[in-house]
Q: 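Sharing a structure, written as structure tokens. Questions coming.
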Amino acid sequence: MSLVLYDTLRRDKVPFDPRIEGEASVYVCGPTVQAEAHVGHGRLAVVTDVLRRYLGFRGYQVTFVQNVTDIEDKIILKARREQVAPAVVATRYTHLWNRTMDTLNVRPPDIQPFATGHVLEMQGLIQELIDQDKAYEVGGDVFFRVRSFPGYGKLSRRQVDDMQQGEDVVDADRKEDPLDFAMWKSAKPDEPSWPSPWGDGRPGWHIECSAMAAKHLGEGFDIHCGGLDLVFPHHENEIAQHEAAHGGTFARNWVHNGMVRMGDEKMSKSIGNVVALAEALERWGVGPLRLWYLSAQHRTPLTFASERLQDAVAVHQRFVTFVRSARAAAGDVTPDPAVGERHRDAFVAAMDDDLNAPAAVATLHELVSDGNDRLGRATAGDEAARAEVAALAALLVEICDEVLGLGLDDTLAQAAALESRLAPMVDGVLASREKARADRDFATADAIRDQLTAAGIVVEDGPDGPRWYTAVQVPPALEE
RNA sequence: GGCGGGGUAGCCAAGUGGUAAGGCAGGGGACUGCAAAUCCCCCAUUCACGGGUUCGAUUCCCGUCCCCGCCUCCA
């Protein structure tokens, strides 16, 4: 049994076969820091974060690189509008991105290379291509000669001759061929630029990933991730630049995630239908949001709708509730891990199959059902059941937090902290309610419970008296 | 037009050449003073449609319809 990943280049699921046994090198196309992250970006982040966490869970030593595109047309434009330096804009949104990723519980990359910090590496690669006659300079711009690379189109399965040679080709007058693309753009007035053998200018977008991935992970690294919308031309061009210059294989596996949709349109800044990731996080919380991301296989489209997020809230609730109840029932008993084995195996089998997250989460539901089934006996004091329930809760938390990044433990810890502060008050109120109940004054008892519920405190009456805890906040529906 | 992905219950969503995981919603029951939480039971003879291959297809092949993505910036 081993991990299998769908590889866009081969159009097939293939066993993960790392360049170096026991290690995994992953490169992800990062943000262009010119605006806030939206929910679509969050999907890439969560999918790649789960990939990375799962590789670690499976014992691989992972090196995870995600770049930041900090020089680009839109950044320059925005800076001009705000009358600040482009670097101001880039820095601001880089910080914002990192902060939002942190809130999303996405582990920071091992290396976060910036395009502007790798201009020399890019120039080196461009020069190699020029030297090999695979690129050419025209008036300070350098273009990649697409037809010089026989493999061009292999990732996106396009025939060079079939490609739409549209009327709106940028720089058509200077290119030898409309398909050629810019690797170096000559400086325009009031734009940041770097000196180069071809005159002052700045790098094109595609060249940065070729240069940075090779620099930090080396040739033939294991996995390159990105949104499905980057397959062409971005990733195709990355391959072309690297492989035309050096031969060999640029990346061994291409993992692409599907788009987030609003209704039946792609969520995209240019369409203008984006929801800010930070806003979604605030509204639904990390756990539910990540569960929503994981509710569809990573290559298929995922529709953003508040009802779907509500479903995820319910799932999150169920997991948290089980852990809370299990811990209460188990106390400090020594867990009996044997009960968890089949659930762990089922989870691993689902994830091994191209990170089948929906199937994997389904195994967790089965784990929780199994646990809840034993909960009654555990609560009644059955030693074996307590040990089993303890183990199942521990396994659930391990999987949810380490692999899926849901932060169940954090959620419970935060609740516990709040609960300990509220305890004196709530316990007092509950004591008077118990007195009312003992007097069979249920009207009073229910009124008290209703008030506590309204205050966000859940009261559950059990055979050993009432139990209470703070409710996980139920978010308001998204006004459409 | 080219390339790619997809159409599975009210909704979301896995999946397999041998007769459909899981979740949400819904219905019934147990527990409870009533709730909540939990448990049990029910909820697709059917997988867009029409053909074909097969002992057998939702799963393979062909055709049709519909949806989405990329082909320009885009996670």
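Below, chains carry the letters A, B, ... as their sequence lines are ordered, and counting in each starts from 1.
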Q: Taking only residues two or more places apart in sequence or in another chain, which ones pass side chain to side chain donor-acceptor pair (under 3.5 Å) with A:Glu36?
A: none

Q: Determine the Euclidean distance between corresponding P atoms of B:C3 and B:C62; express it in Å to zero decimal places.
A: 14 Å

Q: Send over the distance from A:Asp7 CG to B:G4 P, rounded to a whole Å.
A: 15 Å

Q: With nearest nucleotide decided by heavy atoms, which residue, A:Arg11 or A:His234, maps closer to the 5′ end of RNA chain B?
A: A:Arg11

Q: When you compare B:G52 with B:A57, how far apart are their C1' atoms, in angstrom units rounded to a whole number?
A: 11 Å

Q: Could you state the atom-to-atom distance from CG of A:Leu367 to P of B:G23 in whole Å?
A: 13 Å

Q: Will you find, in the side chains of A:Glu72 and A:Thr32, an N or O donor that is under 3.5 Å from an N or O acceptor?
A: no

Q: Near A:Lys435 NZ, under 6.0 Å, is it more than 12 heavy atoms from other residues, nucleotides or ligands?
A: no

Q: Taking atom P in both B:A9 and B:U58, compute the distance separating them and give it to the nearest angstrom.
A: 15 Å

Q: Using ring pair (Phe, Tyr, Trp, His ring centres under 6.0 Å) as the criterion, list what pairs up with A:Trp468, not counting sequence neighbours.
A: none

Q: Show me the donor-acceptor pairs, under 3.5 Å and distance only, between side chains in residues 96-104 of chain A and residues at least two apart or in other chains.
A:
| residue | atom | partner | partner atom | Å |
| --- | --- | --- | --- | --- |
| A:Thr100 | OG1 | A:Leu96 | O | 2.9 |
| A:Thr103 | OG1 | A:Arg99 | O | 3.0 |

Q: Write down the protein N/O and nucleotide N/O pairs, taken from nucleotides 12-14 of chain B, whose separation is under 3.5 Å; answer none if there are no such pairs.
A:
| residue | atom | partner | partner atom | Å |
| --- | --- | --- | --- | --- |
| B:A14 | OP1 | A:Gln297 | N | 2.8 |
| B:A14 | O3' | A:Asn356 | ND2 | 2.8 |

Q: When rounded to the nearest Å, what value does the distance between C1' atoms of B:A37 and B:C43 take?
A: 23 Å

Q: Using the rule given for side chain to side chain donor-acceptor pair (under 3.5 Å), can you reason through A:Tyr27 versus A:Gln66, listing the C-alpha separation, both sets of side-chain angles and the distance that settles it, and then say yes or no?
A: CA-CA 6 Å; A:Tyr27 184 90; A:Gln66 183 172 42; over 6 Å; no

Q: Between A:Thr321 (side chain) and A:Gln317 (backbone), is there a donor-acceptor pair under 3.5 Å?
A: yes

Q: Quick one: label A:Val28 by what it contacts on the DNA or RNA (base, sugar-phosphate, nothing), any heavy atom closer than 4.0 Å.
A: nothing

Q: Does any pair with a residue in residues 257-266 of chain A pass side-chain hydrogen bond (donor to acceptor under 3.5 Å, both in side chains), and if so which ones, sequence neighbours excluded?
A: A:Asp229-A:Lys266

Q: Within this structure, what is the NZ-to-C1' distance between A:Lys154 and B:C3, rounded to whole angstrom?
A: 17 Å

Q: Answer with base, sugar-phosphate or nothing: what part of the nucleic acid does A:Gly258 contact at a heavy-atom distance below 4.0 Å?
A: base

Q: The criterion is side chain to side chain donor-acceptor pair (under 3.5 Å); which residues satisfy it with A:Asp441, sequence neighbours excluded?
A: A:Thr444

Q: Residues two or more places apart in sequence or in another chain: which of them pass side chain to side chain contact (heavy atoms under 4.5 Å, CB included) with A:Ala35?
A: A:Lys269

Q: Generate the contact string for nucleotides 35-41 of chain B. Rules: B means base contact, S means sugar-phosphate contact only, - means no protein heavy atom under 4.0 Å.
A: BBSSS--

Q: Could you check whether the side chain of A:Arg261 and the base of B:C68 have a donor-acceptor pair of N or O atoms closer than 3.5 Å, going by distance alone?
A: no

Q: Check for me whether A:Arg147 meets the cation-pi criterion with A:Tyr152, that is, NZ or CZ under 6.0 Å from the six-membered ring centre and within 45 degrees of the ring axis.
A: no

Q: Check every strand shown and say whether A:His38 touches a base, only sugar-phosphate, or nothing at a heavy-atom separation below 4.0 Å.
A: base

Q: Can you name the residues that form a side chain to side chain contact (heavy atoms under 4.5 Å, CB included) with A:Val14, not counting sequence neighbours?
A: A:Asp7, A:Arg10, A:Asn253

Q: From the set B:G23, B:C34, B:A75, return the single nucleotide nearest to any side-chain atom of A:Val260.
A: B:A75

Q: Taking any heavy-atom pair under 4.0 Å as a contact, classify A:Arg158: base, sugar-phosphate, or nothing.
A: base

Q: Taking only the side-chain heavy atoms of A:His41 (C-beta and beyond), determine which of B:C73, B:G33, B:A75 contains the nearest atom.
A: B:A75

Q: Confirm from the modelled atom types if A:Arg437 and B:G33 form a donor-acceptor pair under 3.5 Å, side chain to base only.
A: yes

Q: Between A:Leu364 (CG) and B:G22 (P), how many Å, whole number?
A: 14 Å

Q: With distance as the sole criterion, do the side chain of A:Lys266 and the base of B:C74 form a donor-acceptor contact below 3.5 Å?
A: yes

Q: Ignoring hydrogens and angles, state whether a donor on the side chain of A:Ser156 or A:Glu236 is under 3.5 Å from an acceptor on the partner side chain.
A: yes

Q: Between atom OH in A:Tyr152 and atom P in B:C3, what is the gap in whole Å?
A: 17 Å

Q: Please give the distance between the C1' atoms of B:C61 and B:C67 as a whole number of Å.
A: 23 Å

Q: Looking only at atom P, what distance separates B:A75 and B:A36, rounded to whole Å?
A: 45 Å

Q: What does A:Val315 touch in the nucleic acid at a heavy-atom separation under 4.0 angstrom: a base, only the sugar-phosphate, or nothing?
A: sugar-phosphate

Q: To the nearest angstrom, how far is A:Arg299 atom CZ from B:A75 atom C1'?
A: 16 Å

Q: Looking at A:Phe64, is A:Arg52 sitting on its ring face, NZ or CZ under 6.0 Å from the six-membered ring centre and within 45 degrees of the normal?
A: yes

Q: Of all residues at least two apart in sequence or in a different chain, which pass the ring pair (Phe, Tyr, Trp, His ring centres under 6.0 Å) check with A:Phe322?
A: none

Q: Whole angstroms only, please: what is the CG-C1' distance between A:Leu228 and B:G69?
A: 7 Å

Q: Checking side chain to side chain donor-acceptor pair (under 3.5 Å) against A:Asn67, which of A:His118, A:Glu208, A:Gln112 comes through?
A: A:Glu208

Q: Quick one: stems for RNA chain B, with Watson-Crick or G-U pairs under 3.5 Å, at least three in a row?
A: B:1-7 with B:65-71, B:10-12 with B:22-24, B:26-30 with B:38-42, B:48-52 with B:60-64

Q: Without decimals, in angstroms, what is the distance between A:Arg440 CZ and B:U32 P?
A: 13 Å

Q: Hey, what's the ring geometry for A:Trp254 with A:His256, parallel, tilted or perpendicular (30° and 60° as the breaks)?
A: parallel

Q: Nearest to the side chain of A:Phe232, heavy atoms from C-beta on, is which of B:G33, B:A75, B:C70?
A: B:C70

Q: Mind checking the C1' distance from B:A48 to B:C41? Whole angstroms is fine.
A: 32 Å

Q: Distance check, P atoms only: B:G51 and B:U59, in whole angstrom units.
A: 14 Å

Q: Go through residues 202-212 of chain A and report each residue with a non-hydrogen atom lying under 4.0 Å from RNA chain B, sorted by number.
A: A:Trp205

Q: Report the nucleotide, chosen from B:C71, B:G22, B:C74, that has the shortest atom-to-atom distance to any side-chain atom of A:Glu366.
A: B:G22

